[in-house]
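In what follows, chains carry the letters A, B, and so on, assigned in the order in which the sequence lines appear, proteins first and then strands, with residues in each chain numbered from 1. What you see is a predicted model, and the numbers here were worked out from it, not measured in a lab.
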Amino acid sequence: MGNERVSVYRRIYDMVRKIPSGRVATYGQIASLVGGCSARMVGYAMAGVSDETIPWQRVINARGRISIRDPNGYSLQKAILEREGIDFDESDSVDLSVFGWEGPI
DNA sequence: ATGTTGACCGACT
DNA sequence: GAGTCGGCCAACA
């Protein structure tokens, strides 16, 4: 408790930092864990990331697909995730039951 | 202030 | 599977 001083964005980024390499989380999952924000806010927060220490690439949508519309950003995210060991099936989707993050303990 | 646009989501057709 | 819709809410014009 007692973290109301910290902005929601900061808490979103802190939660995203907890996702281990080789795992992915969904926007809604992060929003739910952080509380007080919607999946849309998480997506918006990810879009503005410039900090190298934030593993923004490990956040994908609830269907297990990459949500970036820009083709360059899309292939960048996919490439990084594949390098981390994430598998994409023939329809470019990740099996969340295999690679989905279980959450912070 | 108002309107539009998103790296969303779930329900529906 | 593909579209559409309403709800969500910050950022921007």
Side-chain angles (χ1 to χ4, degrees):
Chain A
M1 321 224 326
N3 250 1
E4 271 80 32
R5 299 200 311 114
V6 186
S7 75
V8 181
Y9 273 39
R10 173 63 178 279
R11 286 198 270 172
I12 290 174
Y13 294 142
D14 284 344
M15 188 61 69
V16 170
R17 267 191 267 258
K18 293 180 182 175
I19 308 171
S21 179
R23 288 300 183 93
V24 293
T26 70
Y27 296 94
Q29 183 183 359
I30 297 299
S32 178
L33 288 169
V34 169
C37 70
S38 65
R40 202 120 206 183
M41 289 176 70
V42 176
Y44 207 91
M46 292 303 103
V49 164
S50 57
D51 190 331
E52 294 282 341
T53 70
I54 301 172
W56 56 269
Q57 73 277 7
R58 293 176 193 153
V59 185
I60 61 180
N61 67 35
R63 292 157 191 141
R65 312 247 277 139
I66 289 172
S67 279
I68 304 180
R69 301 186 173 191
D70 174 59
N72 292 316
Y74 188 99
S75 45
L76 171 64
Q77 181 171 14
K78 186 181 178 187
I80 298 175
L81 288 179
E82 286 182 321
R83 194 170 64 209
E84 293 182 347
I86 304 292
D87 286 336
F88 287 81
D89 67 16
E90 58 283 347
S91 49
D92 265 6
S93 57
V94 174
D95 187 343
L96 293 177
S97 68
V98 175
F99 299 102
W101 181 40
E102 298 299 341
I105 322 307

Side chains of A/Arg17 and A/Thr53: do they bring a donor and an acceptor to under 3.5 Å?
-> yes
Within the sub-3.5 Å range, which N or O atoms of nucleotides 1-8 of chain C have a protein N or O partner, and how far apart are they?
unit_1, atom_1, unit_2, atom_2, d
C/dG7, O6, A/Arg40, NH1, 3.4

In numerical order, the residues of residues 96-103 of chain A whose heavy atoms come under 4.0 Å of DNA chain C are none
Short N-O contact, A/Arg10 and A/Asp14, less than 4.0 angstrom = yes
Shortest non-hydrogen contact from A/Ser38 to A/Ala31?
-> C-CB, 3.6 Å
What does A/Ala62 touch in the nucleic acid at a heavy-atom separation under 4.0 angstrom: a base, only the sugar-phosphate, or nothing?
-> sugar-phosphate
A/Met46 atom CE is separated from C/dA10 atom C1', nearest whole Å, by 14 Å
Measure the shortest side-chain to side-chain distance between A/Leu96 and A/Val24 over non-hydrogen atoms and say whether it is less than 4.5 angstrom.
-> yes
Using salt bridge (charged side-chain N to carboxylate O under 4.0 Å, His left out) as the criterion, list what pairs up with A/Glu84, not counting sequence neighbours.
-> A/Arg58
Between the protein and nucleotides 11-13 of chain C, which nitrogen or oxygen pairs are less than 3.5 angstrom apart?
unit_1, atom_1, unit_2, atom_2, d
C/dA11, O4', A/Tyr44, OH, 2.7

List the atom of A/Trp101, the atom of A/Gln29, and the distance in Å for their closest heavy-atom pair.
-> O-NE2, 3.0 Å
Below 3.5 Å, can you tabulate the donor-acceptor pairs from side chains in residues 74-81 of chain A to any protein atom, sequence neighbours excluded?
unit_1, atom_1, unit_2, atom_2, d
A/Tyr74, OH, A/Asp92, OD2, 3.2
A/Ser75, OG, A/Pro71, O, 2.9
A/Ser75, OG, A/Asn72, O, 3.2
A/Gln77, NE2, A/Gln57, O, 2.8
A/Gln77, NE2, A/Val59, O, 3.2
A/Lys78, NZ, A/Asp92, OD1, 2.8

Can you find a heavy atom in the side chain of A/Pro104 that is under 4.5 Å from one in the side chain of A/Met15?
-> yes
Range on DNA chain B touched by chain A - first to last nucleotide, heavy-atom distance under 4.0 Å | B/dG6 to B/dG10
Same-atom distance (P) from C/dG7 to B/dA7, integer angstrom | 22 Å
Heavy atoms, side chains only, cut-off 4.5 Å: are A/Phe99 and A/Phe88 in contact?
-> no
Checking A/Tyr13 side chain against A/Ala45 main chain: does a donor-acceptor pair fall under 3.5 Å?
-> yes
Does a side-chain heavy-atom distance below 4.5 Å link A/Ser67 with A/Ile60?
-> no
Can any side-chain N or O of A/Arg11 pair as donor or acceptor with the backbone N or O of A/Gly35 at less than 3.5 Å?
-> no
To the nearest 0.5 angstrom, please state how far the CG atom of A/Leu33 sits from the CD1 atom of A/Ile12.
-> 11.5 Å
